[in-house]
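The structure displayed is predicted, hence computed values, not measured ones.
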Amino acid sequence: TALEIVKRARGNGWTGAWLANRLPTDAVQQWRAWLKGRAADNKVLLVLDHAETRQDKLLQLLEAALQVLGKRSNDANRTQMHVLCLAREGGWWDRLKDSPECSTLMRNWLAGSGNWG
């Protein structure tokens with residue numbers, strides 16, 4: 001289960017961030033500040049349940065992470081981040097890049113270009 005994955009990750013030095021179903025209006029700003037406070041060698045696991053119904057928030061959080069962590073992309077001890085998206089329907093990830101909320105930075109990342117901006 002996802003809870004077991006988070007538990008195992010924490011046991012291996014990862015910091016688990018499980019997003020609540022209802023996020024505060026300033027969730028992206030809180031996420032950005034939280035990421036900035038992580039040590040450069042920290043490993044972060046972001047878990048988002050019902051991801052297919054929260055694509056706009058997922059895009060905002062991932063873009064914030066790319067902006068914060070991308071600045072460390074040349075560091076030898078850069079922050080690693082894994083994202084676990086739990087969904088009840090298929091195909092939504094492939095359509096994510098076509099979302100009106102998807103920025104160029106995110107489209108490039110989703111396409112695998114590695115462009116950090």
Review point. What residues form a side-chain contact (heavy atoms from CB on, under 4.5 Å) with Ala33, not counting sequence neighbours?
Key: none
Point to revise | salt bridge (charged side-chain N to carboxylate O under 4.0 Å, His left out) partners for Arg22, two or more places apart | key: none
Exercise for review: Working to the nearest 0.5 Å, report the span between CG of Leu66 and CG of Leu105.
Suggested key: 5.0 Å
List the atom pairs, donor and acceptor, that lie under 3.5 Å between side-chain atoms in residues 56-65 and the rest of the protein, sequence neighbours left out.
{"unit_1": "Lys57", "atom_1": "NZ", "unit_2": "Gln60", "atom_2": "OE1", "d": "3.2"}
{"unit_1": "Glu63", "atom_1": "OE1", "unit_2": "Ser103", "atom_2": "OG", "d": "2.9"}
{"unit_1": "Glu63", "atom_1": "OE2", "unit_2": "Gln67", "atom_2": "NE2", "d": "3.4"}
{"unit_1": "Glu63", "atom_1": "OE2", "unit_2": "Ser103", "atom_2": "OG", "d": "3.2"}

Review point. When clusters are formed by joining ILVMFWY residues with side-chain heavy atoms under 4.5 Å apart, either directly or through shared neighbours, do Val47 and Leu69 land in the same one?
Key: no
Point to revise | ring-ring contact (aromatic ring centres under 6.0 Å, His included) involving Trp93 - partner list, sequence neighbours excluded | key: none
Exercise for review: Rounded to the nearest 0.5 Å, what's the gap from OG1 on Thr15 to CG on Leu46? Could you check?
Suggested key: 12.0 Å
Practice item. Over all heavy atoms of both residues, which pair between Glu52 and Leu86 is shortest? Give the atoms and the distance, please. Key: OE1-O, 3.8 Å
Review point. How far does CE of Met81 sit from CG of Asn42, to the nearest 0.5 angstrom?
Key: 12.0 Å
Review point. Do the non-hydrogen side-chain atoms of Trp34 and Val44 ever get within less than 4.5 Å of each other?
Key: yes
Review point. What salt bridge (Lys or Arg N to Asp or Glu O under 4.0 Å) pairs are there with at least one residue in residues 82-95, not counting sequence neighbours?
Key: Asp49-Arg88, Glu89-Arg95
Exercise for review: Could I get the full list of side-chain contact (heavy atoms from CB on, under 4.5 Å) partners for Ile5, not counting sequence neighbours?
Suggested key: Leu45, Leu84
Review point. What residues form a side-chain contact (heavy atoms from CB on, under 4.5 Å) with Thr104, not counting sequence neighbours?
Key: Asn108
Point to revise | Any donor-acceptor N/O pair, Lys43 side chain to Ala9 backbone, under 3.5 Å | key: no
Point to revise | Residue list, salt bridge (charged side-chain N to carboxylate O under 4.0 Å, His left out) with Arg10, at least two apart or on another chain | key: none
**Study point:** Non-hydrogen atoms of Gly16 and Val6 that approach each other most closely
**Key:** CA-CG1, 4.4 Å
Check your understanding: Would you say Val83 and Val28 are hydrophobically clustered, going by side-chain heavy atoms of ILVMFWY under 4.5 Å?
Key -> yes
Exercise for review: Mind checking side-chain contact (heavy atoms from CB on, under 4.5 Å) for Asp26 and listing every partner two or more places apart, or none if nothing turns up?
Suggested key: Pro24, Gln29, Gln30
**Study point:** 4.5 Å side-chain heavy-atom contact, Leu3 and Trp18
**Key:** yes
Revision key, fill the gap. The ring-ring contact (aromatic ring centres under 6.0 Å, His included) partners of His82 (sequence neighbours excluded) come to Trp14
Practice item. With sequence neighbours excluded, tell me which residues meet side chain to side chain donor-acceptor pair (under 3.5 Å) with Thr53. Key: none
